[in-house]
Amino acid sequence: MDKIKKIGVLTSGGDAPGMNAAIRAITDKAIEQGLDVVAVLGGYSGLINDKVVPMTMDTVNGIIKRGGTCIYSDRCPEFATEEGMQKAIATCKKHKIDAIVAIGGDGTFRGATDLSLHGIPTVGVAGTIDNDITATDYTVGFDTAMNTVLDALDNFMDTCESHARCNVVEVMGRDCGDIAVRTAIASGAIAVAIPEVPFDEAEALDRIKRARAAGKRGMIVVVSEGVFHTDENGNKIPYGEYFTEICQRDIMETRFARLAHFVRGGNPTLRDRLTASRMGVRAVELLLEGKSDLIVIEEDGKYVPMDIVFALTTDRMYKKKLKDGDLDKYGDEDIAAMKAICDKRTAEIKELYKIANDIAL
Ligand code: ADP
């Protein structure tokens, strides 16, 4: 591979606080290494539609503390087509972009591996509030999102205490209960429902009843958006809405709140800025070492590269979404490594769920 002279940075999929810190780290590190840097605006759609702007130390000055992504994000199904890919490659050629750092979630990484396979070296940085990329202990945006949820839960609790009320609060996370279970523990919630562990509805309702009878006034129930109730007609109802109804009907005054995209915004915490900076720097280093088709993951406090398809396959294994042939190219050792990552995740979420319930009195 020829020496890299210019790199492009893009953010794709759902935005997350700390993406700007990653953009700034990537830009400054690349400039420090003598590279030119450009931003591709709006993720992969910017590659298709030729939206490329130069990045300088001035452009990134001050963005480290801002939420969202200053180079915008988008969902771009066209990028998954060969035609879209060819347009993207033409844009890279036109602007002499030798390599790309793509910041985003699992969809972004599927695009990144496609780009790598089409001859544009690409490295990914895990940026999503959901922490739903199994292979990494941590994703950029997760900490800020949890703190934003925690502030909201504390506020709900204040008013619940005043009025002897229960508030069911639905939080983001897609199929991943990480935000829900951690904020439930940290806010002193009476119950939490996450997709990974079966929810004992009768026990939770009984617990609320007992707590109320014992004089507890304010109650918070945290529900991950990935949990649903299926009614008699087969309709899927967000579980938080359903639980609110039965709690209101059978036990006490209960309100429902969906925090939704509110949780995506806000200035990134120190943890997110630090992680974004470390992952961003590592991504540039990997490209300069001539590497490609990798994401930077956090593993037991270290920032290390992982093959993208390995990471995506591990993710599907954990989410029980493996497709036929997914494991064909892997030997026993690789498969054992994937299983170990999945087991670590499962053990962690189960432990957190148990703690949340053990201290929810
Ligand atoms: P996230 O990265 O947060 O998971 P998405 O799933 O929306 O968000 O993916 C972001 C973008 O990545 C998509 O809009 C699309 O451009 C690209 N992408 C997703 N899946 C694929 C795929 N299978 N092949 C190529 N590109 C993809």
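Both counts, for ligands and for their atoms, begin at 1 and track the order of listing.
Inter-residue side-chain proximity for Met219 and Asn167 is flagged as unmet; no heavy-atom pair is nearer than 4.5 Å.
Taking the six-membered ring where the residue is Trp, His229 and Tyr239 present tilted rings, their angle falling between 30° and 60°.
In terms of polar-atom proximity, Gly107 is counted as a contact of ligand 1, with an N or O under 3.5 Å from an N or O of the ligand. For Pro77, no nitrogen or oxygen atom sits less than 3.5 Å from a nitrogen or oxygen atom of ligand 1, counting backbone and side chain alike. Below 3.5 Å of separation, one finds no N or O of Phe79 facing any N or O of ligand 1.
The protein heavy atom nearest to atom 22 (C) of ligand 1 is Arg110 CB, 3.6 Å.
Heavy-atom proximity to Arg75, at under 4.0 Å, picks out these atoms of ligand 1: 5 (P), 7 (O), 8 (O), 14 (O). Which parts of ligand 1 touch Gly105 is read off a 4.0 Å heavy-atom cut-off, strictly below it: atoms 1 (P), 2 (O), 3 (O), 4 (O). Counting atoms of ligand 1 from 1 in the listed order, those under 4.0 Å from a heavy atom of Thr108 are 1 (P), 2 (O), 9 (O), 10 (C), 12 (O). Atom numbering of ligand 1 starts at 1 in the shown order; those under 4.0 Å from a heavy atom of Tyr44 are 12 (O), 16 (O), 17 (C). Ligand 1 places these atoms under 4.0 Å from at least one heavy atom of Asp114: 24 (N), 25 (C).
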Before giving the answer on side chain to side chain donor-acceptor pair (under 3.5 Å), spell out for Thr134 and Asp315 the whole-Å C-alpha distance, their side-chain angles and the decisive distance to 0.1 Å. CA-CA 5 Å; Thr134 310; Asp315 210 45; 2.5 Å; yes
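By the 6.0 Å and 45° rule, Arg110 does not stack over the aromatic ring of Phe79.
Here the closest heavy-atom approach between residue Lys3 and residue Asp98 is recorded as O-OD2, 4.4 Å.
Around CG of Asp332, the count of heavy atoms belonging to other residues, nucleotides or ligands within 6.0 Å does not exceed 12.
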